[in-house]
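To start, the structure under review is shown below, and the notes come after it.
Just so we're on the same page: letters track the sequence lines, and every chain starts at 1.
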There are 2 protein chains.
Amino acid sequence: MVRTARYSEEHFIDAATALVAEGGPGAATMQAIARRVGAPTGSIYHRFESRSAILAAAWNASYGSLAGVLVPLLQAGSPREAALALLPWAEEDRQRARFLLQHEPVTLFEDAPPPERLRQEMEKLESEMDGAFRTCIAQVGAGASPEEDLARAKFLIFDAPIAIIRPHLLAKGAIPTFAGQMIAELHAAVPLAHAGKRGAGMRAA
Amino acid sequence: MVRTARYSEEHFIDAATALVAEGGPGAATMQAIARRVGAPTGSIYHRFESRSAILAAAWNASYGSLAGVLVPLLQAGSPREAALALLPWAEEDRQRARFLLQHEPVTLFEDAPPPERLRQEMEKLESEMDGAFRTCIAQVGAGASPEEDLARAKFLIFDAPIAIIRPHLLAKGAIPTFAGQMIAELHAAVPLAHAGKRGAGMRAA
DNA sequence: ACTGTTCTAGAATGGTCGGTCTATATCCTG
DNA sequence: CAGGATATAGACCGACCATTCTAGAACAGT
């Protein structure tokens, strides 16, 4: 009853992801996406109502892939394993990693906000991840204010490993083995809940 | 003999810096910069030959400000002090910090490369910072390959503190005090040259 | 007061962008 | 073996961008 589609949603999302990963949000023009897929620009609008919609879909796919790896480990109360899991994830899904790791979602949608459906999916993914972080903290045991505990966990499990991996993602080469060692060392030396020493216990020498 | 200038280079650089810090590179259009300064668009071209030139100048000003703080401390062999110095720097010069901390220089110049003069200044600043890192490593004493030592130092002194500070820079509020404590704790727990335990000594439990 | 240079001022230009429109091809269903 | 829904295909549109251009204003030295 219908003509079969030659280009799938995924094609366009992947192209947009790659373009943003390589050249920033500005590089992902509708024409560039279409050219990369080999489709006419008009075809994109059969699947996405706007440029924001593609970018949001790309963000959801990337962030969802990340959450799929991280959330189970966080909920299991394994912060160290979660941090280390970022490494193979980034290596296997380099484009999505680069897409996520260099751009704040804020700058992705400078002009038009993404459609409601996608905006809600974004928020759901973010709150899912956030909840997993809180679950992990609750299991491991916290030390200070909830705000500080969360900031601490996000740094140790997410931002710090990312900071370690990022230079190697931007360069072409593979991620060196010492990156994993640095993450492991960090988690051995700096506990998520800074151990029971009286007070805060984290003033440095 | 000449008409006095009403808008200085600095005016335009500051406006461009603020726009990029707030909305990403795409927000810093020539018209937006001019509007923010209150000047006509044409006036910008009396001081900068192109948009890339302003962005490069803004980058140089921001990175130069950062280097001015970091380089002396690195050359003095004080990695901990350097890392902690990022905090007041970011707080006092929020816009420059945000400009630098959320965007890779790569994505700033998607289309046209900046003029030669500015490109060389960028490279000079970067190699100056790089040299300071190496000097610091040499003083403190290294542990592994030069490549790993450098990656380690950059993480501990620059990227990790940045990762700690970034969420608070993107939010509006002040940087909480526990951010400084986290940086201090990190440096107390994870030495730049991982202490003399046999071999690499950084495998975690 | 005049001159010449350097600036402001903002309209004009050519190119590209996101998004729409019309025409045509494809292929499942009946 | 049609009918018609859904796709491709790409020209087209108005908006906006970086950059250029023309006109006039301001000031230093005479």
Sequence neighbours excluded, every pair satisfying salt bridge (Lys or Arg N to Asp or Glu O under 4.0 Å) that has a member inside residues 37-65 of chain B: none

Qualifying salt bridge (Lys or Arg N to Asp or Glu O under 4.0 Å) pairs, either residue in residues 53-77 of chain B, two or more places apart: none

Below 3.5 Å, can you tabulate the donor-acceptor pairs from side chains in residues 134-147 of chain A to any protein atom, sequence neighbours excluded?
from, atom 1, to, atom 2, distance (Å)
A:Arg134, NH2, A:Asp130, OD2, 3.0
A:Thr135, OG1, A:Gly131, O, 2.9
A:Gln139, OE1, A:Gly77, N, 3.4
A:Ser145, OG, A:Glu148, N, 3.1

Partner set under salt bridge (Lys or Arg N to Asp or Glu O under 4.0 Å) for A:Arg119, not counting sequence neighbours: A:Glu116, A:Glu123

Sequence-distant partners of A:Glu22, salt bridge (Lys or Arg N to Asp or Glu O under 4.0 Å), two or more places apart: A:Arg36

Integer-rounded Å distance: D:dC16 P and A:Arg51 CZ: 15 Å

Proximity to DNA chain C (any heavy atom under 4.0 Å), residues of residues 35-50 of chain B only: B:Pro40, B:Thr41, B:Gly42, B:Ser43, B:His46, B:Arg47

Show every donor-acceptor pair shorter than 3.5 Å between a side-chain atom in residues 158-175 of chain A and any protein atom, with sequence neighbours excluded, or say none if there are none.
from, atom 1, to, atom 2, distance (Å)
A:Arg166, NE, A:Leu101, O, 3.4
A:Arg166, NH2, A:Leu101, O, 2.6

Side-chain donor-acceptor pairs of residues 23-30 of chain B under 3.5 Å, sequence neighbours excluded:
from, atom 1, to, atom 2, distance (Å)
B:Thr29, OG1, B:Ala32, N, 3.0

Can I get a per-line list of side-chain donor-acceptor pairs under 3.5 Å for residues 53-65 of chain A, giving both atom names and the distance, sequence neighbours left out?
from, atom 1, to, atom 2, distance (Å)
A:Ser62, OG, A:Ala58, O, 3.2
A:Ser65, OG, A:Trp89, NE1, 2.7

Donor-acceptor contact below 3.5 Å, side chain A:Ser43 vs main chain A:Ala39: no

A:Arg6 side chain near D:dT6 phosphate (N/O to OP1/OP2, under 4.0 Å): no

Those residues of residues 14-32 of chain A lying under 4.0 Å from DNA chain D by at least one heavy atom: none

Check nucleotides 23-27 of chain D against the protein and report each pair of N or O atoms closer than 3.5 Å, with its distance, or say if there are none.
from, atom 1, to, atom 2, distance (Å)
D:dG24, N2, B:Arg3, NH1, 3.4
D:dA25, N3, B:Arg3, NH1, 3.1

side-chain contact (heavy atoms from CB on, under 4.5 Å) partners for B:Glu92, two or more places apart: B:Pro88

Between C:dG19 (P) and A:Ile33 (CD1): distance, integer Å: 10 Å

